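Chain A is the first sequence line, chain B the second, and so forth, proteins listed ahead of strands; every chain is numbered from 1. Predicted model only: the values in this text are computed from it and were never measured.
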2 protein chains.
Amino acid sequence: MNIGTAAAHSGVPAKTIRYYESVGLIQPADRTASGYRVYGEQDVETLRFVQRARSLGFSVEDVGSLLALWRDRSRTSAEVKALARHRVEDIDRKITELTEMRETLLHLMERCKGDERPECPILQGLAGKTA
Amino acid sequence: MNIGTAAAHSGVPAKTIRYYESVGLIQPADRTASGYRVYGEQDVETLRFVQRARSLGFSVEDVGSLLALWRDRSRTSAEVKALARHRVEDIDRKITELTEMRETLLHLMERCKGDERPECPILQGLAGKTA
DNA sequence: CTTGACCTTACAGTTACTAGAAGGTTGAAT
DNA sequence: ATTCAACCTTCTAGTAACTGTAAGGTCAAG
């Protein structure tokens with residue numbers, strides 16, 4: 001199948017597939033005589049794997065490691081679990097950070113009337129005035 | 001004061017100050033005869049404002065709007081509050097997304113022994129096998 | 001044999017900086 | 001007067017992970 005079909009089957013845009021190939025995340029596809037990339041079922045599966053891992057927030061580089069582990073029959077499940085654990089820790093850090101931003105913003109908004117008048121504690125807060 | 005001092009006082013790195021100037025977020029600074037940028041207290045305050053807004057996750061473009069509102073004596077607090085509300089909504093969406101990623105990952109990890117054996121439900125899950 | 005959908009490469013743009021290179025300025029110590 | 005470090009200047013390029021666009025080749029159908 002051509003790249004467009006592989007894209008439709010895997011959920012990864014054709015452009016992105018080419019990009020992944022260019023950065024070495026996936027193997028270069030075979031080509032027809034005229035230069036078209038050709039994909040098989042196995043390739044589509046790999047693409048789907050990549051897609052799921054990316055959607056869980058693994059970086060392209062992480063996905064590379066995950067793919068290597070996926071293909072390595074001798075790897076231990078501990079290695080994979082460690083990567084997943086790091087990812088969860090990253091996520092936790094981000095959630096904490098976002099939650100703090102949210103609190104601060106809500107706190108500022110609470111005191112802002114949000115009417116036609118110019119007085120705005122939000123801007124005052126951003127300006128650093130404790131007012 | 002020179003850019004380094006302004007950087008130290010505002011918490012915005014000198015390089016970043018130049019960058020903000022180059023993209024038009026802040027006004028071009030005055031220059032000495034030899035070309036050094038010169039800053040005053042007011043500039044440092046602006047920089048601090050920018051820094052706080054950025055740390056709350058407003059984009060540089062958003063901060064531009066915020067700065068305009070900050071300087072505009074005739075603006076209504078409703079305008080400012082609307083920007084803040086959008087930002088909170090963005091944050092909420094991100095938190096939801098991250099929480100979902102976290103759940104999925106934890107769910108996969110739960111079933112992975114994480115020992116020396118190769119069996120790994122995490123990889124199977126990423127591969128799309130419901131196993 | 002032309003049309004339209006598909007494919008190819010290559011380059012620019014996105015966000016918000018950050019690193020590095022090459023060189024000029026300043027102020028203090030020698 | 002000179003030297004030295006610490007500052008400043010501009011410019012280019014790199015980061016993550018694509019996405020958009022241009023210019024052009026290919027394929028199957030009518």
Considering all heavy atoms, the nearest [X]-[Y] contact:
| X | Y | answer |
| --- | --- | --- |
| B:Leu105 | A:Ile91 | CD2-CD1, 3.9 Å |
| A:Tyr20 | A:Val60 | CE2-CG2, 4.1 Å |
| B:Met1 | B:Glu41 | CE-OE2, 3.8 Å |

Sugar-phosphate or base contact per nucleotide [nucleotides 24-30 of chain D; S, B, -; heavy atom under 4.0 Å]
-BBS---

Does A:Arg37 put a side-chain nitrogen or oxygen below 4.0 Å from OP1 or OP2 of C:dC7?
no

Would you indicate, yes or no, if C:dC7 has its OP1 or OP2 atom less than 4.0 angstrom from a side-chain nitrogen or oxygen of A:Arg31?
no

Expressed in angstrom and rounded to an integer, what is the separation of [X] atom [atom1] from [N] atom [atom2]?
| X | N | atom1 | atom2 | answer |
| --- | --- | --- | --- | --- |
| B:Leu47 | C:dC17 | CG | P | 12 Å |
| B:Asp30 | D:dC8 | CG | P | 16 Å |
| B:Asn2 | C:dG27 | CG | C1' | 12 Å |
| A:Gln51 | D:dC18 | CD | C1' | 14 Å |
| B:Lys94 | C:dT15 | NZ | P | 13 Å |

Does B:Leu108 belong to the same Ile/Leu/Val/Met/Phe/Trp/Tyr cluster as A:Val88, with side-chain heavy atoms less than 4.5 Å apart forming each link?
yes

Under 4.5 Å between side-chain heavy atoms, counting indirect links through other Ile/Leu/Val/Met/Phe/Trp/Tyr residues: same cluster for A:Ile3 and A:Val38 or not?
no

Members of residues 3-28 of chain B that approach DNA chain D, where some heavy atom sits under 4.0 Å away
B:Ile3, B:Gly4, B:Arg18

Is any side-chain heavy atom of [X] closer than 4.5 Å to a side-chain heavy atom of [Y]?
| X | Y | value |
| --- | --- | --- |
| B:Val50 | B:Val12 | no |
| B:Phe49 | B:Ile26 | no |
| B:Val80 | A:Cys112 | no |
| B:Lys113 | B:Glu119 | no |

Would A:Asp115 and B:Thr76 count as having a side-chain donor-acceptor pair, cut-off 3.5 Å?
no

Pair B:Arg18, B:Glu21 - check side-chain contact (heavy atoms from CB on, under 4.5 Å), show working.
CA-CA 5 Å; B:Arg18 290 193 199 98; B:Glu21 185 184 299; 5.6 Å; no

Report the end-to-end axis angle of the helix from C:dC1-D:dG30 to C:dT30-D:dA1; each axis comes from five terminal pairs, and the value is rounded to 10°.
30°

